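Just so we're clear, the structure is a prediction, and the values are computed from it rather than from any experiment. Here, residue 1 is the first one in the sequence, and each next residue gets the next number.
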Amino acid sequence: MNLFRLLQARASAGKPVRVALIGAGKFGSMFLAQVPHTPGLEVPIIVDIDRDRAREACRTVGWSAERIAATMFTDDGARAIAGGAMDVVVEATGNPAVGIKHARAAIAAGKHIVMVNVEADVLAGPLLAEEARKAGVVYSLAYGDQPALTAEMVDWARATGFRVVAAGKGTKYLPAYHDVTPDGVWQHYGLTAGEAQSAGMNPQMFNSFLDGTKSAIEMAAIANACGLDVPTDGLLFPPCGVDDLPHIMRPRSRGGVLERSGVVEVVSSLERDGRPVFRDLRWGVYVVLEAPNDYAADCFRQYGLKTDASGRFAAMYKPYHLIGLELNISVLSAALRGEPTGQAIGFRGDVAAVAKRNLRAGEMLDGEGGYTVWGKLVPAAASLRAGALPIGLAHRVKLKHDVAHGAVVRWNDVEFDPGNETVKTRKAMEAAFAAQH
């Protein structure tokens, strides 16, 4: 509640919070749009593989010519991190390998890292967070994205004495979406391929939102940051509106759909027959909580909370998330408080690559949102036992064996380079956290 006051003090002292942004895509652009309106916050360095595109992004979001001229644009992330009096590095590339590299460079340079790149966080976040803690810097999830917003609600519930029954987000989901490829994605968004192309929309990225991969990645990040469990056999995606959260998102033993209490889950904005859910939560996040006693349950009723029939389960939710427009909260929390807005504290959830069709030996996997695999949320312990290939490494690797439609792809099914830095980091994390399971 005091971030703005703390920032004003820094501004008055002539010591602005300085940020290096890596990745000037949609998320990064939304963050940049707020910078001129936040006195005491500066972004003197922007890193992007296309420097001209990054400059154009600044113009698009309303930066003045003077501000753009005073900004350094580079494609060398390591050099930008190592040099300059930066307080915070924002990693917004979306590339897991690149994200891990930048996070480690920031930690080595003594700079806080805000990991917009949730793909990298799920691939190696528990290990990176531990490395940051040992180095005395902050490693943080990105406020504005669903994982950090959900983690905030979980923390609120626990800090006020409630038991967290379920936490997660909403999305548009039908079971058939798991097999959708980039060729068929736009019909599900009500767009033609031409309309999407003219808007600069990437079909593989948008398909990762649709086929369940992005939801799995975000729920793994929440589970790892909040110490919550993940469903044994993947996300259920039950159709559920905000008024029904306390009724549906409770354990089966109490009449709901969850296998147990204390799990992450995603609710769908579509009924299974395709009809829209009443008062859906497609763009928002939620937490379902349980009253610890009859008195608290009576208070739920007295103050108008929607509850289940027993009156013991209630829900709080946020109907929207504003992506990069809210990222300042993470940046300022790290720089001014030394606190993350969500951070992996263990390895509880993983995202395994699953075949979208019958795959043949010799085929190349094409990763998140592509034609060959989608990402399924699985318990980390089960992933380790099965030797599951994480979705973050299921890109540009060749299959050694056939994999049946719907089956998990395993490490021993693919050719991989054990000397690759990203592979080594992932293997190190698996070894470090295997003892937990």
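- A salt bridge does not link Glu56 with Arg53: every distance from a Lys NZ or Arg NE/NH1/NH2 to an Asp or Glu carboxylate oxygen is 4.0 Å or more.
- Among all heavy-atom pairs drawn from Asp350 and Val122, the shortest one is OD1-O, 4.3 Å.
- The ring pair (Phe, Tyr, Trp, His ring centres under 6.0 Å) pairs that include a residue from residues 373-419 are His178-Trp374, Trp411-Phe416, where partners are two or more places apart or lie in different chains.
- Glu91 and Asn117 share a side-chain donor-acceptor pair at under 3.5 Å.
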* To do: Verify salt bridge (Lys or Arg N to Asp or Glu O under 4.0 Å) between Glu265 and Lys169, making sure each step is shown before the conclusion.
  => CA-CA 7 Å; Glu265 187 56 80; Lys169 68 164 195 170; over 6 Å; no
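- Ion pair Arg426/Glu430 flagged as a salt bridge, since at least one NZ, NE, NH1 or NH2 atom sits closer than 4.0 Å to an Asp/Glu carboxylate oxygen.
- For the residue pair Ser140 and Thr341, a side-chain donor N or O sits within less than 3.5 Å of a side-chain acceptor on the partner.
- Phe27 is not listed as a side-chain neighbour of Leu325, based on a closest heavy-atom distance of 4.5 Å or more.
- Screening residues 90-142 for ring pair (Phe, Tyr, Trp, His ring centres under 6.0 Å), with sequence neighbours left out, gives no hits.
- Qualifying side chain to side chain donor-acceptor pair (under 3.5 Å) partners for Asp183, counting only residues two or more places apart in sequence or in other chains: Tyr371.
- A salt bridge links Arg104 with Glu131; the closest basic N to acidic carboxylate O contact falls under 4.0 Å.
- The pair Asp211-Lys356 meets the salt-bridge criterion, with a side-chain N (NZ, NE, NH1 or NH2) lying under 4.0 Å from an Asp/Glu carboxylate O.
- In this model, no donor atom of one side chain and acceptor atom of the other lie less than 3.5 Å apart for Glu152 and Thr150.
- Neither side chain, Arg250 nor Ser310, offers a donor N or O lying under 3.5 Å from an acceptor on the other.
- Ion pairing of Arg348 with Asp229 is present here, as a side-chain N (NZ or NE/NH1/NH2) and a carboxylate O approach within less than 4.0 Å.
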* **Residues Phe162, Phe313; criterion ring pair (Phe, Tyr, Trp, His ring centres under 6.0 Å); working and verdict** => CA-CA 10 Å; Phe162 296 112; Phe313 295 91; over 10 Å; no
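- Counting only heavy atoms from C-beta outward, the side chains of Leu393 and Thr422 approach each other to under 4.5 Å.
- Residues Glu259 and Thr232 have side chains that bring a donor and an acceptor to within less than 3.5 angstrom of each other.
- In this structure, Cys58 and Ile46 have side chains that are in contact, with non-hydrogen atoms separated by less than 4.5 Å.
- Across all their heavy atoms, Lys111 and Ala82 have their closest contact at NZ-O, 4.2 Å.
- In this structure, Arg279 pairs ionically with Asp243, as a charged nitrogen and a carboxylate oxygen lie closer than 4.0 Å.
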* To do: Output, in order, the C-alpha distance, side-chain angles, deciding distance and verdict of salt bridge (Lys or Arg N to Asp or Glu O under 4.0 Å) for Asp402 and Arg360.
  => CA-CA 4 Å; Asp402 295 349; Arg360 301 301 179 197; 3.5 Å; yes
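- Between the side chain of Arg158 and the backbone N or O of Trp156 there is no donor-acceptor pair closer than 3.5 Å.
- At a threshold of 4.5 Å between non-hydrogen side-chain atoms, the residues Met249 and Leu258 count as touching.
- Taking every heavy atom of both residues into account, Thr372 and Gly367 meet most closely at OG1-N, 4.4 Å.
- Distance CE/Met201 to OG/Ser198: 9.0 Å, rounded to 0.5 Å.
- With a 4.5 Å cut-off on side-chain heavy atoms, Leu228 and Val263 do not count as touching.
- Side-chain contact between Lys398 and Val414 is absent, with no heavy-atom pair separated by less than 4.5 Å.
- A salt bridge does not link Asp280 to Arg282: none of the charged nitrogens lies less than 4.0 Å from a carboxylate oxygen.
- A salt bridge links Arg312 with Asp294: at least one charged nitrogen is closer than 4.0 Å to a carboxylate oxygen.
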* Going through the distances and angles, do Ser215 and Leu235 end up as a side chain to side chain contact (heavy atoms under 4.5 Å, CB included)? -> CA-CA 9 Å; Ser215 290; Leu235 293 166; 4.3 Å; yes
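- Residues satisfying the salt bridge (Lys or Arg N to Asp or Glu O under 4.0 Å) test with Lys318, not counting sequence neighbours, are Glu326.
- Taking 4.5 Å as the limit, some side-chain heavy atom of Cys240 sits within range of a side-chain heavy atom of Leu245.
- Between the Asp87 side chain and the Val19 main chain, no donor and acceptor come within less than 3.5 Å of each other.
- Between Ile217 atom CD1 and Gln146 atom CD the span is 12.0 Å, to the nearest 0.5 Å.
- A centroid separation of 6.0 Å or more is found between the aromatic rings of Phe31 and Tyr143.
- Within the 4.5 Å cutoff, no side-chain heavy atoms of Thr60 are placed close to those of Ser29.
- Residue pairs meeting the ring pair (Phe, Tyr, Trp, His ring centres under 6.0 Å) criterion with at least one member in residues 208-258, sequence neighbours excluded, are Tyr173-Phe237, Phe206-Phe209.
- Under the salt bridge (Lys or Arg N to Asp or Glu O under 4.0 Å) criterion, Asp233 pairs with Lys376, not counting sequence neighbours.
- Taking every heavy atom of both residues into account, Leu327 and Val90 meet most closely at CD2-CG1, 3.7 Å.
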